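Because only heavy atoms are used, hydrogens play no part in the values below, and waters and symmetry mates are left out as well, while side chains stay in. Computed from a predicted structure; not experimentally measured.
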Amino acid sequence: MRIRGTDWAVLAGFVVGFHILGTALVRYFYSYHIAHYDSVGGLIQALETLQVYHNQGYAAGVAEAWNKAPLSISQNMFSALLAPYVDPSPQGIQLYNTLACSVAAVGMLVLLRRFEAGALAIGLGLVSILLGDALYWWDLGAFDFRRDFGMYAFMCGALFLGTTYFVGALRMRGEILLGLAFGIAMGLTLVCRDSAPLLMMGVVVAPLTALWVFVAVRDGWITQIRKLAWPLIGFSPFAIVFFLKLGDLLARIANPLTMYGISPNGSDSLVGNARRVPDVVLGLFGYPFNKAPLISTVLVLLTLLTLGFLCWRAMRSKAQEAPSSESQQGMQVQEPGGDQHVVARRAVVFLLATAVWVPIFLHLFFSLVLKWASDQPPIVAMAPYLLVLVGVTAAIAAGIIYSRNQIPHGAGRFIVSALILAMIVAAPARALTRMPVYPPGTYTQHLQYTRLTNAQGGAAVIATLTDNTGLMRAPAIQLMSLQLGLPQPEILKFRTDDGGTLDLQIGIPPEPEVRESLLAAMDRAIRCKADFIVVDKDPAAYTKPEKRLLLYGFGDKLASGLLADLGDKVMRSLDQNGQIVLIDNRMRSGCAADGGQ
């Protein structure tokens, strides 16, 4: 297996194109929009790390990143280790998503070159990494700093590198380099997200273990056992980092939302999941984003169908011309060690089997192990379904391997190239339509809110009694303050009667007495600790237990009491309807003498 100059050119073009597209979308988005909820924490951590680096130096920046919450160890350390090269802005931090995409792209390139695919087939394989945009709510990782895209990309890279490594014999130099690269990709997957280790076991480790055992039985155990050494060397540093942060990771998993609520007793089913599939695939399930235009989804799906038809027709024509020639069927590979026709066939079957296995594993894992809620089955949960796309991409890679030399010449190649370009164009067009939906003026209101809460000088404490995933969000104010160089406000935390430190966004406990105790602790903390309080004037906004957050299910008395006692402290309305108000509580006039904590 030898990577040619044209292969590197195709890879570089894809990665550079992805980065230019991603940074342009991020720059546009953050000029007019507040950050997506899941992005705020990661962006704040990255900007804080870069701020420490610029003020105190490289070592201090690394220490700052290491001490951050381990939602994603790789994201944290990216900002620290590459701090000299990262612009302290959302579009600068987009470089992390580009690097993650590069891992998936390299894995796809190596896999397809192992089986002598041409530059056009490799280009098609790389573009297939972007198909998540056409099949779900993915946005190229552009509008936020979620862990989802990085996990998807690292898992793709690990799966493809592992397939190439274990499926058959390699020359020693190639085995060493590929083994180390595979181990590094596995390590990056391990530390890319707090939930990644468990998901990686099913999506990557289980299939590759099956492949490793199968090849060992067929070709001999000695070679396969020897092959474990190089991946372990590449993987070991990441495993050490993971175990050093294991305590923080376990603390993150045992967060208040898990402790006090969101433990649904409903059960989903295969039928329930199946009913959601058409909406998900066609982009009709809105969730918090705009429904993407159906035309872009249809365009990509028609592209795949057309490509499949062209390949099928070409293979049929070739088979009729020379039915006995394996080389005409595109399955002959010149590699040392055994029947290479068999090696290529193994790769195709393995990748297709993995594509079938991944959704089965995810359904069983989320339905039976985590008991996912019946109103949101695994098929419509973003992170799980994104991993189904690992299997989808693997299936496309299998199709390319099988038919890589069967793309027709002349007009056929022109059609294939045009369709690849159509898929590339469809991705950003669809991403632009799926920006988070906020009412007009939300960005300006958050900007005003940021300046109000910084008017006192020093870091304010904010209690937000509105859904942090909704209209008025304190984390977005923290991010804006950081970007503007203002003191970053704190989001209120309080202590429960049993000594636990929580914030206002906690789940609903089933016991009424526990609910009352938590609400009382919230009330004391808000009155005695918060400088500013954001509250909805409508008590009905706090009687919606279906949201499964304590404040919005049972917080009507708490909100009504605050408005009754502090209504004269309202500074201004924060929405166009005058429904969301900002209360100035810096005088602590509503705090009882013995109410502080």
To the closest 0.5 Å, what do you measure between [atom1] ([X]) and [atom2] ([Y])?
X	Y	atom1	atom2	value
Leu519	Leu504	CG	CG	10.5 Å
Gln483	Gln478	CD	CD	12.5 Å
Tyr53	Leu82	OH	CG	10.5 Å
Leu482	Ile477	CG	CD1	13.0 Å
Asp194	Asp248	CG	CG	11.5 Å
Gln45	Ile93	CD	CD1	10.5 Å

Does Arg515 use its side chain to pair, donor to acceptor, with the backbone of Pro509 at less than 3.5 Å?
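It does hold such a pair.
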Note, [X] side chain near [Y] side chain (heavy atom, < 4.5 Å):
X	Y	answer
Leu95	Phe78	yes
Val581	Val534	no
Phe361	Met201	no
Ile240	Leu244	yes
Thr543	Asp556	yes
Leu465	Leu551	yes
Trp66	Thr49	no
Leu190	Phe235	yes

In sequence, state the C-alpha distance, the side-chain angles, and the governing distance for Phe18 and Ser102, and then conclude on side chain to side chain contact (heavy atoms under 4.5 Å, CB included).
CA-CA 9 Å; Phe18 177 91; Ser102 300; over 6 Å; no
Minimum heavy-atom separation for [X] to [Y], with atom names?
X	Y	value
Gly61	Ala80	O-CB, 3.7 Å
Leu558	Asp523	CD1-N, 3.9 Å
Ala196	Met155	O-CE, 4.1 Å
Tyr552	Thr464	OH-O, 4.3 Å
Cys192	Ser72	O-OG, 2.7 Å
Phe494	Leu518	CE1-O, 4.1 Å

In a check of side-chain contact (heavy atoms from CB on, under 4.5 Å) between Leu479 and each of Thr450, Leu484, Leu47, which one passes?
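With Leu479 as partner, side-chain contact (heavy atoms from CB on, under 4.5 Å) holds for just one option, Leu47.
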I'd like to know whether Ile508 forms a side chain to side chain contact (heavy atoms under 4.5 Å, CB included) with Phe554, so could you lay out the CA-CA distance, the side-chain angles of the two residues, the decisive distance to 0.1 Å, and finally the verdict.
CA-CA 9 Å; Ile508 299 175; Phe554 297 90; 3.6 Å; yes
Between the side chains of Gln579 and Asp538, does any donor sit under 3.5 Å from an acceptor?
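No, Asp538 and Gln579 have no side-chain donor paired with an acceptor closer than 3.5 Å.
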Do Ser74 and Tyr96 have side-chain atoms, one donor and one acceptor, less than 3.5 Å apart?
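There is such a pair between these side chains.
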Report the C-alpha separation of Ile583 and Leu563 in whole Å, then their side-chain angles, then the decisive distance to 0.1 Å, and conclude whether the side chain to side chain contact (heavy atoms under 4.5 Å, CB included) test is met.
CA-CA 9 Å; Ile583 296 176; Leu563 286 167; 4.3 Å; yes
Sequence neighbours left out, what pairs pass salt bridge (charged side-chain N to carboxylate O under 4.0 Å, His left out) with at least one residue falling in residues 58-81?
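Listed once each, the pairs are Glu48-Lys68, Glu64-Lys68.
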If you apply the rule side chain to side chain contact (heavy atoms under 4.5 Å, CB included), what do you find for Tyr30 with Leu43, and how did you get there?
CA-CA 12 Å; Tyr30 280 96; Leu43 283 170; 3.1 Å; yes
Between Asp531 and Arg588, does any NZ, NE, NH1 or NH2 come within less than 4.0 Å of an OD or OE carboxylate oxygen?
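Result for this pair is yes, salt bridge flagged.
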